[in-house]
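First the structure, in the form of structure tokens, and then the observations on it.
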Amino acid sequence: MRLARGLVLALVLWVVALVWAPSAIASSNPALATMATMVYQGGAVVCHQRPERSFVLFGRPMPVCARCTGLYASALAGAALALAVAMPMGAGRARWVLAIAVAPTIATVMLERAGLAAPSNLVRAVAAIPAGVAAAWLVIGLLRDSR
């Protein structure tokens with residue numbers, strides 16, 4: 001249970017850092033800008049960070065793209081929910097839940113790559129919500145139930 005709570009806390013800190021970093025970069029405080037730069041560097045490890053595919057806060061693109069933003073924010077919601085509500089699930093059912101949850105994200109990626117659509121940042125973020133909620137729910141749920 002400690003690991004599950006620790007992961008949820010880490011998610012809280014990461015999501016807060018993603019929202020905070022653009023304002024800190026835009027500030028005139030060098031110490032805040034340095035800390036925010038570290039958030040952007042962390043974001044670069046997991047995301048392409050293309051400015052045109054990122055939400056803009058305080059005149060700056062966020063440290064991760066819109067799809068990743070939707071994924072992380074919804075993962076936080078799913079993880080918090082999993083801490084509050086137990087829902088035991090077998091491995092077979094978990095695979096189906098996750099497969100269905102990632103379908104919207106896969107669909108937007110495939111449509112983009114095929115040149116059939118150019119989803120907006122909002123559509124990219126919203127399409128990632130089911131995947132974030134489901135993945136976090138399953139991981140935190142497994143950690144919570146494995147005592």
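Residues take their numbers from the sequence shown, with the count starting at 1.
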Exercise. Given side chain to side chain contact (heavy atoms under 4.5 Å, CB included), test L83 with M1 step by step and report yes or no.
Key: CA-CA 9 Å; L83 278 182; M1 189 67 159; 4.2 Å; yes

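- One finds the CZ atom of R53 at 13.5 Å from the OG1 atom of T69 (value rounded to the nearest 0.5 Å).
- Of all heavy-atom pairs spanning A36 and A24, the tightest one is CB-CB, 3.6 Å.
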Practice problem: Step by step, work out the side chain to side chain contact (heavy atoms under 4.5 Å, CB included) result for V39 and M35. | Solution: CA-CA 7 Å; V39 174; M35 289 190 300; over 6 Å; no

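- The line from CD1 of I25 to CH2 of W20 is 8.0 Å long, rounded to the nearest 0.5 Å.
- Between the CD1 atom in I129 and the OG1 atom in T105 there is a gap of 9.5 Å [rounded to 0.5 Å].
- Taking both residues in full, the closest heavy atoms of A134 and V97 are given as CB-CG1, 4.1 Å, listed atom of the first, atom of the second, then distance.
- For A101 against P104, the heavy-atom pair with the smallest separation is O-CD, 3.3 Å.
- Summarising the geometry, atom CG belonging to L116 is positioned 9.5 Å from atom CE belonging to M110; distances are rounded to the nearest 0.5 Å.
- Annotation for A79 and V8: closest pair CB-CG2, 3.6 Å, computed over non-hydrogen atoms.
- Side-chain atoms of R67 never come within 3.5 Å of backbone atoms of A128 as a donor-acceptor pair (strictly under, hydrogens ignored).
- Note: the hydrophobic cluster containing L18 also contains L76 (ILVMFWY, side chain heavy atoms under 4.5 Å, direct or indirect links).
- One hydrophobic cluster, built from ILVMFWY side chains closer than 4.5 Å, cannot hold both V126 and L111; they sit in different ones.
- A distance-only check finds a donor-acceptor pair linking the side chain of R144 to the backbone of A82 [under 3.5 Å].
- No chain of hydrophobic side-chain contacts below 4.5 Å, direct or via other Ile, Leu, Val, Met, Phe, Trp or Tyr residues, connects W14 to L71.
- A single hydrophobic cluster is seen to contain both V46 and V16, as judged by linkage of ILVMFWY side chains at heavy-atom distances under 4.5 Å, directly or through other members.
- Annotation for G78 and A136: closest pair C-CB, 4.1 Å, computed over non-hydrogen atoms.
- Looking at S54 and P63, their side chains never come closer than 4.5 Å, going by heavy atoms from C-beta outward.
- With rounding to the nearest 0.5 angstrom, the CZ atom of R2 is 14.0 Å from the CG atom of L7.
- By the rule that hydrophobic residues join a cluster once side-chain heavy atoms approach within less than 4.5 Å of another member, V45 and Y40 end up as members of separate clusters.
- Contact between R50 and E52 at its shortest, heavy atoms only, is NE-OE2, 2.8 Å.
- Separating the CD atom in Q49 from the SG atom in C68 is a distance of 9.0 Å, to the nearest 0.5 Å.
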